[in-house]
**Student:** 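Okay, here's the structure, questions in a sec.
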Amino acid sequence: MVLNFFESIDWADLALKSGEVLAKLIGIYIAYIIVKSIGNKIIHKMFEGLENRKEISTTRAKTLQTLVLNFFHYALFFIFIVTVFQVFGYNVTALLAGAGVVGLAIGFGAQGLVSDVVTGFFLLLEKQLDVGDYVTTGNYSGIVEAVGLRTTQIRGFDGTLHYVPNRQIVGLSNHSRGNMQALVDISISYNEDLNRVMSILQEACDQFAKETEEVVEGPDVLGVQNFGTSDVIIRIIAKTKNMEQWAVERKLRKRLKEVLDENGIEIPFPHQVMIHKNEQQKEGAVRKVD
């Protein structure tokens with residue numbers, strides 16, 4: 001019976017149809033790769049043109065480009081799958097209707113995913129963050145590397161890449177909007193003349209501002225910030241270009257240390273005084289006790 005079944009198969013016709021299906025699948029896949037490559041280049045060129053014409057900022061261009069590429073890839077993959085089903089003779093209309101019902105059922109159980117997409121949409125619409133921004137949200141802090149409809153990627157300063165679901169971005173602090181503040185505290189000895197010290201520091205700050213293009217305003221010597229156990233703390237602040245505040249603080253500390261050394265102004269450090277009594281005093285004290 002099995003032998004009769006195999007003998008009834010037209011192997012030549014089966015091989016011909018299989019070859020046609022395989023050729024169609026290969027052709028569809030090649031077309032998918034070509035369209036994907038061309039689409040990626042067109043999207044890149046489009047946003048490069050907008051950026052070059054100064055119609056959009058660089059960070060905003062990178063953010064929107066990532067989003068458009070995601071949409072394009074998802075749509076193209078969906079078309080690819082539908083076309084493959086058509087090759088095998090499936091009713092695409094019925095398939096889409098069934099997918100809609102299944103999608104509705106999944107949607108009720110995937111409310112977190114829907115929340116991610118909605119939150120991501122508003123993050124982009126309200127321009128709360130862009131690629132390259134320094135942000136803090138919850139326990140995560142770092143540079144935004146990608147903004148999607150489902151997750152936001154934040155690169156921590158230790159190199160860790162955090163994938164944060166958009167629904168978890170409840171409170172967001174964007175440190176990359178506007179100028180930033182550089183703050184430096186300098187400790188001097190109680191024995192120093194405060195007026196002289198602050199005058200010297202301000203002269204150094206004025207010269208530093210002329211030589212440092214990252215400084216937008218200041219640096220200014222505010223005055224005495226606090227009294228320590230062995231030092232007087234003087235605070236200096238400046239406004240800098242975005243993301244340059246740490247570099248400015250490091251350069252300013254170095255410059256002020258050099259200026260203090262040149263003027264013989266001591267930067268205090270903890271001292272310990274050890275009192276040793278000689279042996280004669282100890283013996284005398286023992287005899288008096290006796």
**Student:** Among the clusters formed by ILVMFWY side chains lying less than 4.5 Å apart, do Val35 and Ile43 turn up in the same one?
**Tutor:**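 Looking at the clustering, Ile43 is in the same group as Val35.
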**Student:** Locate the shortest heavy-atom distance separating Val131 from Ala146; write the atom from each residue and the value.
**Tutor:**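 Result for this residue pair: CG2-CA, 4.2 Å.
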**Student:** My understanding is that only residues two or more places apart in sequence, or in another chain, count here; which of them pass side chain to side chain contact (heavy atoms under 4.5 Å, CB included) with Asn166?
**Tutor:**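 Counting only residues at least two positions away or on another chain, Asn166 forms a side chain to side chain contact (heavy atoms under 4.5 Å, CB included) with Asp116, Thr119, Leu123, Thr152, Ile169.
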**Student:** Looking only at atom types and distance, does a side-chain atom of Asp220 sit under 3.5 Å from a main-chain N or O of Leu222, one as donor and one as acceptor?
**Tutor:**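 No.
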**Student:** Please report the interatomic distance CG(Asn40) to CD1(Ile38), rounded to the nearest 0.5 Å.
**Tutor:**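 The CD1 atom of Ile38 is 10.0 Å from CG of Asn40, to the nearest 0.5 Å.
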**Student:** Say you draw a straight line from CG of Asp231 to CD of Glu266; how long is it, rounded to the nearest 0.5 Å?
**Tutor:**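 Reported value, rounded in 0.5 Å steps: 10.5 Å.
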**Student:** Could you give the distance from NE2 (His175) to CE (Met180), rounded to the nearest 0.5 Å?
**Tutor:**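 It comes to 6.5 Å.
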**Student:** Is a donor on one side and an acceptor on the other found under 3.5 Å between the side chain of Ser37 and the backbone of Ile33?
**Tutor:**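 No, Ser37 side chain to Ile33 backbone: no donor-acceptor pair under 3.5 Å.
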**Student:** With a 4.5 Å limit on heavy-atom distance, are the side chains of Glu145 and Leu161 in contact?
**Tutor:**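 Yes, their side chains come closer than 4.5 Å.
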**Student:** Are Leu172 and Tyr134 joined in one hydrophobic group, where the rule is that I, L, V, M, F, W and Y side chains link up if heavy atoms are under 4.5 Å apart?
**Tutor:**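 As far as the 4.5 Å side-chain criterion goes, Tyr134 and Leu172 are not connected within one cluster.
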**Student:** What distance do Glu217 atom CD and Asn179 atom CG have between them, rounded to the nearest 0.5 Å?
**Tutor:**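 If we round to the nearest 0.5 Å, Glu217:CD and Asn179:CG are 8.5 Å apart.
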**Student:** Is a donor on one side and an acceptor on the other found under 3.5 Å between the side chain of Thr151 and the backbone of Pro165?
**Tutor:**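 Not a single qualifying donor-acceptor pair exists.
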**Student:** Identify the heavy atoms of Gly171 and Thr137 that sit nearest to each other, and give their distance.
**Tutor:**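 For Gly171 versus Thr137, the nearest heavy atoms are O-OG1, 3.1 Å.
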**Student:** Linking Ile, Leu, Val, Met, Phe, Trp and Tyr by side-chain heavy atoms under 4.5 Å, what else ends up with Ile265?
**Tutor:**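 For the cluster that includes Ile265, the remaining residues are Val184, Ile186, Ile188, Tyr190, Leu194, Val197, Met198, Ile200, Leu201, Phe208, Val215, Val221, Val224, Phe227, Val232, Ile234, Ile236, Val248, Leu252, Leu256, Val259, Leu260, Ile267.
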**Student:** Do Leu76 and Tyr29 sit in one hydrophobic cluster, given that two such residues count as connected whenever their side-chain heavy atoms are within less than 4.5 Å of each other, even indirectly?
**Tutor:**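 Yes, it is one cluster - the side chains of Leu76 and Tyr29 are joined through contacts under 4.5 Å.
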**Student:** Under the side-chain contact (heavy atoms from CB on, under 4.5 Å) criterion, do Arg155 and Thr160 qualify, and how do the steps go?
**Tutor:** CA-CA 6 Å; Arg155 176 78 64 179; Thr160 305; over 6 Å; no
**Student:** I need the Glu213 CD to Glu244 CD distance, nearest 0.5 Å.
**Tutor:**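 Rounded to the nearest 0.5 Å, the CD-CD separation comes to 8.5 Å.
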**Student:** Would a line drawn from the ring center of Tyr140 to the ring center of Tyr163 be shorter than 6.0 Å?
**Tutor:**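 Ring-ring flag for Tyr140/Tyr163: false, centres at least 6.0 Å apart.
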**Student:** Can you see whether Gln245 engages Glu249 through a side-chain donor-acceptor pair at a distance of less than 3.5 angstrom?
**Tutor:**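 Gln245 vs Glu249: no donor-acceptor pair found between side chains.
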**Student:** So does Asp261 pair up with Lys257, basic N to acidic O under 4.0 Å?
**Tutor:**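 Answer for the salt bridge query: yes.
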**Student:** Less than 3.5 Å apart, any donor N or O on the side chain of Ser141 or Thr136 sitting next to an acceptor on the other?
**Tutor:**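 There is such a pair (donor and acceptor under 3.5 Å, judged by atom type) between the side chains of Ser141 and Thr136.
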**Student:** Going by an N to O cut-off under 4.0 Å, is there a salt bridge joining Arg255 and Glu211?
**Tutor:**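 Looking at Arg255 and Glu211, the cut-off is met.
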**Student:** Answer yes or no: is there an ion pair linking Glu214 with Lys241, defined by an N-O contact shorter than 4.0 Å?
**Tutor:**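 No, no charged N to carboxylate O under 4.0 Å.
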**Student:** For residues Ile26 and Ile34: do they belong to one hydrophobic cluster (side chain heavy atoms under 4.5 Å, members Ile, Leu, Val, Met, Phe, Trp, Tyr)?
**Tutor:**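 Ile26 clusters together with Ile34.
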**Student:** Nearest 0.5 Å, please: how far is CG in Asn139 from CD in Gln168?
**Tutor:**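 Result: 10.0 Å between the selected atoms.
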**Student:** Under a single-linkage definition using a 4.5 Å side-chain heavy-atom cutoff for Ile, Leu, Val, Met, Phe, Trp and Tyr, are Trp246 and Ile154 assigned to the same hydrophobic cluster?
**Tutor:**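 In one cluster: no.
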**Student:** Minimum heavy-atom separation for Ala238 and Pro219, please, with both atom names.
**Tutor:**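 It is CB-CA, 3.6 Å.
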